[in-house]
Student: 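Input: one structure, supplied below.
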Protein chains: 2
Amino acid sequence: MLCRMAEASGPDSSRRVTIHDVARSAGVSRQTVSRALNGKDEIERSTKQRVLDAARELGYRPSRFARGLVRQDTTTIGLVIPDLRNPFFTEVAASALESARARGWHVVVYDTADRPEEELGTLQVIGSQVDGVVGYFSCDEDELDRWTRGMPMVLIGREHRMARFSSIRIDGEAGVHAAVTHLVAKGHTMIGMLDHVNRAEPSLRRDWFTAAALAHGIDPGRVAGAAQSADGGGEGLRALLGAHPEVTAVFTFNDIVAVGALREARRLGRRVPAELAVIGFDGLQLGALVEPPLSSVALDTRLLGSLAVEQVGRLLTGADPLPPEALEVRAELRLAGSA
Amino acid sequence: MLCRMAEASGPDSSRRVTIHDVARSAGVSRQTVSRALNGKDEIERSTKQRVLDAARELGYRPSRFARGLVRQDTTTIGLVIPDLRNPFFTEVAASALESARARGWHVVVYDTADRPEEELGTLQVIGSQVDGVVGYFSCDEDELDRWTRGMPMVLIGREHRMARFSSIRIDGEAGVHAAVTHLVAKGHTMIGMLDHVNRAEPSLRRDWFTAAALAHGIDPGRVAGAAQSADGGGEGLRALLGAHPEVTAVFTFNDIVAVGALREARRLGRRVPAELAVIGFDGLQLGALVEPPLSSVALDTRLLGSLAVEQVGRLLTGADPLPPEALEVRAELRLAGSA
DNA sequence: TTGAAAGCGGTACCAC
DNA sequence: GTGGTACCGCTTTCAA
C-alpha cells in the first residue's frame with residue numbers, strides 16, 4: 001500500500017525517510033540519531049559519524065512538523081498583498097520582510113492578484129499555516145473574521161470595527177493639504193484629481209483632496225477615474241483634460257498613476273510643470289527615475305511594514321499592543337520637479 | 001483554569017489551547033472536537049454546535065504542526081532573493097508566487113539584502129522550514145550543499161557542478177549579439193558597457209558583450225563598473241564617458257543601471273538616442289515608464305519564475321525533472337526609444 | 001453518533 | 001555514552 005510506484009523506476013516505496021530508518025540503518029536508537037544530528041556532545045565520535053553517514057546515505061531530512069511540534073518555537077507570519085508587482089506593495093513587503101527577519105520570523109507571502117475572490121481562498125488556507133497575518137484586505141470584515149478566528153490580524157490602510165483586528169492607519173490629510181496649498185501658491189486654481197476607479201465609495205485620498213480644495217476655495221469637482229497602472233494614469237489624464245480642459249494641475253491617487261500621467265502629458269505636448277503640474281501619492285523610489293522627478297505626498301513605506309510586523313508580534317506574544325495613535329503613518333509632501 | 005483572563009492581565013498561564021481543552025470544556029472527546037471542526041458529518045448538530053462554541057470561547061486554533069504531521073499534505077517552498085526592492089527580483093518573485101499558488105503551495109520569502117553573509121543564515125534556517133528551495137545564491141556551492149542536504153534546490157541564473165542542484169540558465173548571448181548588431185546598424189562603432197562591479201570575475205553579460213563586439217570588429221574594452229542602482233548607473237556613465245569620451249552607445253548590465261544612465265545623460269545634456277544610445281538588460285516594465293522608453297535585452301521573468309517552481313516541484317514529487325535544455329530562458333532584444 | 005487507541009516524526013528526561 | 005519511554009497536538013481507524 002501507499003506504493004507511490006516510484007514515478008520513474010525502481011521498487012522505490014517512496015515513503016518518507018524518518019529518524020527511525022536512520023536509527024535502524026546505523027544500528028542505534030532514535031535518540032542517538034537525534035543527538036548526532038543536533039550536535040549534542042553526549043555521544044561518541046565514531047557513533048556520531050556512523051549516524052551522520054547513514055543519514056546522508058538515506059537522504060534523511062527531519063520533518064519540520066514533528067520538530068515544530070515538540071520545540072514550540074518558530075513563528076511564521078502571513079503577508080497578504082494585492083499585487084507584488086505594484087512598487088508600493090513591493091516596498092511594504094520588503095520592509096515587512098526586513099522586520100520579520102530581524103526577529104527571526106518567517107514570512108509566507110500571498111499575492112491575491114488584485115482579486116477579492118482570491119482573498120477568501122488565501123484566508124482559508126492561511127489559517128492553518130501561520131501564526132498571525134498582516135496585510136491588505138478588501139473583503140468584508142465579517143468574512144475576514146470568519147476565516148481567521150482567533151488569529152492576530154493587522155490590517156494595513158483600512159479601518160476596522162471589530163476589536164479583534166488591529167490596523168495601521170494612513171493619514172494623508174495634512175500631506176494632501178500641503179500639496180494643494182503648494183499648487184495654489186504656484187498660482188494654480190484649476191486643480192484636478194485622478195482618483196482610483198472601480199470602487200463603490202470614493203477614496204479617502206479623494207476626501208482629503210476635496211477638503212483641501214474647499215479650504216482654498218477651489219472647486220473639487222474636477223475628477224476623473226484611473227485604473228491603477230501607468231497606462232491607466234495616461235488614459236485618466238486624457239479623460240480629465242477632455243472633461244476639464246482648464247485644468248493646470250493634477251493630484252493623483254498614487255505615484256504609478258502619476259507617472260502615467262506624466263508620460264501622457266509629454267505625449268500631449270504639455271510641459272511639466274510649466275503647463276501642467278503633477279503631484280502623486282506614495283513617494284515611491286520610482287518617482288526619482290522619471291523626468292521630471294515626481295513630486296509626491298510621500299508615505300514612509302518602511303515604517304508601514306515594520307509597524308505592522310511589530311504589532312502582529314505583540315498580539316502574538318501577548319505583549320501590550322501598540323495604541324492606535326502609534327499605529328499611524330503620516331504622509332507628507334515631498335517636492336521634486338513635477339510641481 | 002486556563003482562564004486567559006482577557007488579554008491584558010491576570011495570572012494567565014499562557015499555555016496553548018489544545019483540542020484537549022476544547023474537548024473537556026464541551027464535555028466530549030478529542031475526536032468529536034476534530035469532527036466538529038473539520039466538518040465531518042457523523043456528528044449530531046447540537047454536539048457540533050456545542051463544540052464550536054467552546055472552541056470559539058477558548059480561542060482555540062489547531063496547531064499547524066500537529067496537523068501537518070498527520071496529514072502529510074501542504075508543500076512549502078522557500079524563495080531566496082537578493083533584494084526584493086530591485087524590480088527584476090520583484091518580477092521573478094511575483095511569478096514564482098503565481099506558479100506556487102496555482103499548485104496550492106505556500107512560499108516563504110527570504111530577502112538576503114544583497115549580503116552574502118545573510119545567505120548562510122537563511123540557509124541554516126530554511127532547511128527546517130521548507131520542502132524545497134528556489135532562488136539566487138552567490139555563496140560557494142559547497143556551503144550551499146552543506147546547509148541544504150537532501151533538499152531540492154533550484155538555482156536561478158547560476159551554473160552548478162553538483163548533480164544534486166538544478167538550475168535555470170539565462171542565455172543572453174543571442175540577445176546581446178542582436179543588441180550590438182542593432183547599434184552597429186545605426187552607425188555606432190564606439191560602444192561601451194556598464195558592467196556590474198564588486199565581483200571577482202567579469203559577468204556573463206560582459207562576456208556576451210565582448211563576444212558580440214569582437215564579432216563586429218569593435219573594441220570591447222570600453223567598460224566601466226556601476227553599482228546596481230539608478231544612481232550607480234549615473235555614476236557609471238560619467239566614469240565611462242570620462243575615460244572614453246568617444247563612446248556613442250552603451251549597453252548596461254541591467255535596466256536599473258540603464259535607467260540611471262538615461263537620467264544622467266539627460267543631465268549631461270546628451271540627447272538619447274541621437275547623441276547616446278542606451279540598451280539595458282532584463283526588459284523590466286519600468287523601462288516603459290521612462291523617457292525615452294528603454295530598449296532592452298529582455299528576459300521573460302514570468303517564465304523564469306514559473307520554470308523554477310515547476311522544477312522544484314518535480315524534484316519534490318520525484319517526477320522526471322525537466323532536462324537542462326528546457327531550463328533555459330533566452331533573452332531577446334526589445335527595441336524602444338532609447339536606441 | 002461517539003469514544004478509545006494507535007500513530008504521525010521528533011525531542012527530553014531518566015534510567016542503565 | 002546509550003536506549004527506553006513519555007509526550008508534543010492532531011487525525012484516523014475501529015469498536016462500542
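By convention in this document, chain letters (A, B, ...) are assigned in the order of the sequence lines, proteins followed by strands, and residues within each chain are numbered from 1.
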Student: Scan Lys48(B) against the nucleic acid and name what it touches under 4.0 Å (heavy atoms): base, sugar-phosphate only, or nothing.
Tutor: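 Since no nucleic acid heavy atom lies under 4.0 Å of Lys48(B), the category is nothing.
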Student: Heavy atom of residues 24-32 of chain A under 4.0 Å from DNA chain C: which residues?
Tutor: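 Here the set is Arg30(A), Gln31(A).
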Student: Just to verify, what does Arg35(B) make a salt bridge (charged side-chain N to carboxylate O under 4.0 Å, His left out) with, not counting sequence neighbours?
Tutor: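 With neighbours one apart ignored, the set is empty.
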Student: If you count every heavy atom of other residues, nucleotides or ligands that lies below 6.0 Å from Glu143(B) atom CD, does the total exceed 12?
Tutor: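 Atom CD in Glu143(B) is crowded, with more than 12 foreign heavy atoms closer than 6.0 Å.
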Student: Give the C-alpha distance, both sets of side-chain angles, the deciding distance and a yes or no for side chain to side chain donor-acceptor pair (under 3.5 Å) between Glu57(A) and Ser25(A).
Tutor: CA-CA 10 Å; Glu57(A) 197 104 9; Ser25(A) 164; over 6 Å; no
Student: Please list, by residue number, the residues of residues 62-71 of chain B whose heavy atoms come closer than 4.0 Å to an atom of DNA chain C; answer none if no residue qualifies.
Tutor: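 When residues 62-71 of chain B is checked for heavy atoms under 4.0 Å from DNA chain C, the hits, listed by number, are Leu69(B), Val70(B).
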Student: Do Glu310(B) and Ser99(B) get their side chains close enough for a donor-acceptor pair, meaning under 3.5 Å?
Tutor: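 No pair is found: no donor N or O on one side chain lies under 3.5 Å from an acceptor on the other.
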Student: Can you find a pair of side-chain heavy atoms, one from Val154(A) and one from Ser167(A), that are under 4.5 Å apart?
Tutor: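 No - every pair of side-chain heavy atoms lies 4.5 Å or more apart.
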Student: Starting at CD1 of Ile19(A) and ending at P of dG7(C), how long is that distance when rounded to a whole Å?
Tutor: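 Going from Ile19(A) (CD1) to dG7(C) (P), I get 18 Å.
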Student: Any side-chain heavy atom of Arg61(A) within less than 4.5 Å of one from Val17(A)?
Tutor: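 No; the side chains remain at least 4.5 Å from each other.
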Student: Let me know the distance between NE2 of His20(A) and C1' of dG10(C), rounded to the nearest Å.
Tutor: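 Roughly 13 Å, once rounded to whole Å.
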Student: Quick test of your reading: applying ring pair (Phe, Tyr, Trp, His ring centres under 6.0 Å), list the pairs with at least one residue in residues 94-131 of chain B, sequence neighbours left out, ordered by first then second residue.
Tutor: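 Non-adjacent pairs meeting ring pair (Phe, Tyr, Trp, His ring centres under 6.0 Å): His106(A)-Tyr110(B), Tyr110(A)-His106(B).
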Student: For Arg158(A), which residues count as a side-chain hydrogen bond (donor to acceptor under 3.5 Å, both in side chains) partner, sequence neighbours excluded?
Tutor: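 Checked Arg158(A) against side-chain hydrogen bond (donor to acceptor under 3.5 Å, both in side chains); zero matches.
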Student: I'd like the 5' and 3' limits of the part of DNA chain D contacted by chain B, with heavy-atom contacts below 4.0 Å.
Tutor: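 First and last nucleotides in contact are dG9(D) to dT12(D).
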Student: Filter on ring pair (Phe, Tyr, Trp, His ring centres under 6.0 Å), then keep only pairs touching residues 137-166 of chain A, sequence neighbours left out; what's left?
Tutor: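 Non-adjacent pairs meeting ring pair (Phe, Tyr, Trp, His ring centres under 6.0 Å): zero.
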Student: Can you name the nearest heavy-atom pair linking Ser29(B) to Ala23(B), along with the distance?
Tutor: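 That would be C-CB, 3.7 Å.
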Student: Using whole Å, report how far NZ of Lys40(B) lies from C1' of dG3(C).
Tutor: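 That distance rounds to 16 Å.
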Student: Kindly compute the distance separating CD1 (Ile168(B)) from CG (Leu307(B)), expressed to the nearest 0.5 Å.
Tutor: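 The distance works out to 5.0 Å.
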Student: Checking Thr148(A) now: which residues fulfil side-chain hydrogen bond (donor to acceptor under 3.5 Å, both in side chains) with it, not counting sequence neighbours?
Tutor: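 With sequence neighbours excluded, Thr148(A) shows a side-chain hydrogen bond (donor to acceptor under 3.5 Å, both in side chains) to Arg164(A), given in chain and number order.
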Student: Could you tell me which residues satisfy side chain to side chain contact (heavy atoms under 4.5 Å, CB included) with Pro82(B), sequence neighbours excluded, listed by chain and number?
Tutor: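 Checked Pro82(B) against side chain to side chain contact (heavy atoms under 4.5 Å, CB included); matches are Phe89(B), Thr112(B), Asp114(B), Tyr136(B).
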Student: What pair of heavy atoms forms the shortest contact from Gln311(B) to Ser166(B), and how long is it?
Tutor: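 Heavy atoms only, the tightest pair is NE2-OG, 2.7 Å.
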Student: At 4.0 Å (heavy atoms only), tell me whether Arg61(A) reaches a base, stays on the sugar-phosphate, or touches nothing.
Tutor: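 Sugar-phosphate contact only - Arg61(A) comes under 4.0 Å of backbone atoms but never of a base.
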Student: Can you list every pair that meets side-chain hydrogen bond (donor to acceptor under 3.5 Å, both in side chains) and has a residue in residues 76-87 of chain B, with sequence neighbours left out?
Tutor: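 Those involving residues 76-87 of chain B are Arg64(A)-Thr76(B), Glu98(A)-Arg85(B).
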Student: Could you pull out the protein-nucleic contacts involving nucleotides 14-16 of chain C (nitrogen or oxygen on both sides, under 3.5 Å)?
Tutor:
none

Student: Taking five pairs at each end, how big is the angle between the two axes of the helix from dT1(C)-dA16(D) to dC16(C)-dG1(D), to 10°?
Tutor: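 That helix gives 40° between its end axes.
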